Structure formats: structure tokens, C-alpha cells
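This report concerns only the one structure given below.
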Amino acid sequence: GAGVSQSPRYKVAKRGQDVALRCDPISGHVSLFWYQQALGQGPEFLTYFQNEAQLDKSGLPSDRFFAERPEGSVSTLKIQRTQQEDSAVYLCASSRPPGEKLFFGSGTQLSVL
Amino acid sequence: EDKVVQSPLSLVVHEGDTVTLNCSYEVTNFRSLLWYKQEKKAPTFLFMLTSSGIEKKSGRLSSILDKKELSSILNITATQTGDSAIYLCAAKGYGGATNKLIFGTGTLLAVQP
């Protein structure tokens, strides 16, 4: 595709509900990143994939967060048993190797009530 | 711990003014510094700087890196209302499995007519 596509654009979840956020990166981009951006803050790194391999998940805040990219293209970020502190914009970004410049999607705004 | 600090946190100017945004970084094995503009949600790429003292320019925007001072500035001349956005600075280091960017909190720029 022409750009990084994320869905849904907005998600409202009740506390305790599971959610799944999708990212469709730019075609041919090997590297894929997930970032979390709280209101008034800069993006915070969550996890990184190179093709289908998850090489770094050091930024995932708890074991309720899980990400996958099974075929090296589309990625899904899953949050189980959502909490209010999970409310944020979740940004996906992709890049070609070696991956200096990231191209970001428009994000998914998650609100947990 | 790697970190990026931006100042000011917010800025209000009038159309036609010139602004300077600041970014300082502490990153292990520094590799590059990037500036992004964030309107609504998706950060869009502005500049990538790797060499000290070389100015990069795009229209009314310019940026320069000072590796001795571990800092960078982003200048915007003859500001327009369309420049209103959050400007994000991010840095990357060599090594490790990740090409992750470490972001600052951003500078919120508001340009008034």
C-alpha cells in the first residue's frame, strides 16, 4: 500500500475487555515497530519485528500485551484484560532495511472506560 | 538510560515569526537524530541528521546537529498557521537487535494568525 494502515482508528473498550489492533505496513518494509503514545507525551517503544521475527519486546509494559507478525507483513497488537492506564494512541511504523527512517500510520486511539 | 529532551514544551507565536526548537540527547553509541512533525496522529518525517555542523534545509524549515553539545535545533522561518503541530525529536544508537527511535516529549507549536 501507499502508506502504513492501521485499524480501527478508534476503539472504546470496557475495563477487562480484550482488544486487537491491526497494522498493515508499507509493502516490502522488513522492519515493523509498535509505539504507545500517551496524551501529552512522545511515542514510547513497545516492540520490534524484522520480518516475522520479534527481535525486541522490551517495551511491552506487561504480559497482558502481545504482538505478532506471523507472515512478516501484517501485525497485530493484542491487549488482554485492558486497564484504564492502557488508554493511549498506539502507533505502528515500518521501514526498509537498515531502517533509519520510520514511516508511521495514523494510529489507533484506545480509550478504556 | 537513553533519553531525549526537548524544549520548550510549548510555544505560541504569530504568523511570520521565526522559531527555534531545541533537542538534546543522551544515547549510547549515537547514530542519528530525526525530526518529525505530528499533526493529529501520524508523525511525518522532516529531517535525519548524522553529521555534525551540516545544515539540512527544506523550504522554510532547517535543522542542524551538534555532536559535541549532544543537541540539535529545528528552525522554522516565516511561520504559517499550517506549521501548528507537535514537533518530535528522536535519536537512535548503534548496536543491539533493534533500530528503535527514542523520542522526546515533543514541542507543541501554535501559530496564530
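Given the structure is predicted, the values throughout are model-derived calculations rather than measurements. Reminder, nothing fancy here: chain letters follow the sequence lines and each chain counts from 1.
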Is a salt bridge present between Asp86(A) and Arg64(A), judged by a nitrogen-to-oxygen distance below 4.0 Å?
yes
Against chain B, label Glu44(A) side chain, backbone, both or neither, depending on which of its atoms sit under 4.5 Å from a heavy atom there.
neither
I'd like to verify something: which residue of Ser32(B), Ala90(B), Pro43(B), Gly104(B) has the highest number of heavy-atom pairs under 4.5 Å with chain A?
Pro43(B)
Exactly one of Ile76(B), Thr77(B), Asn75(B) clears side-chain contact (heavy atoms from CB on, under 4.5 Å) with Leu61(B), and that residue is Ile76(B)
Using a 6.0 Å distance limit plus a 45 degree cone around the ring axis, check whether Lys101(A) lies over the aromatic ring of Phe45(B).
yes
Should the pair Tyr35(A) and Phe103(B) be assigned to parallel (<30°), tilted (30 to 60°) or perpendicular (>60°) ring geometry?
perpendicular
What part of Gln6(B) is in contact with chain A, defined as an atom under 4.5 angstrom from a non-hydrogen atom: side chain, backbone, both or neither?
neither
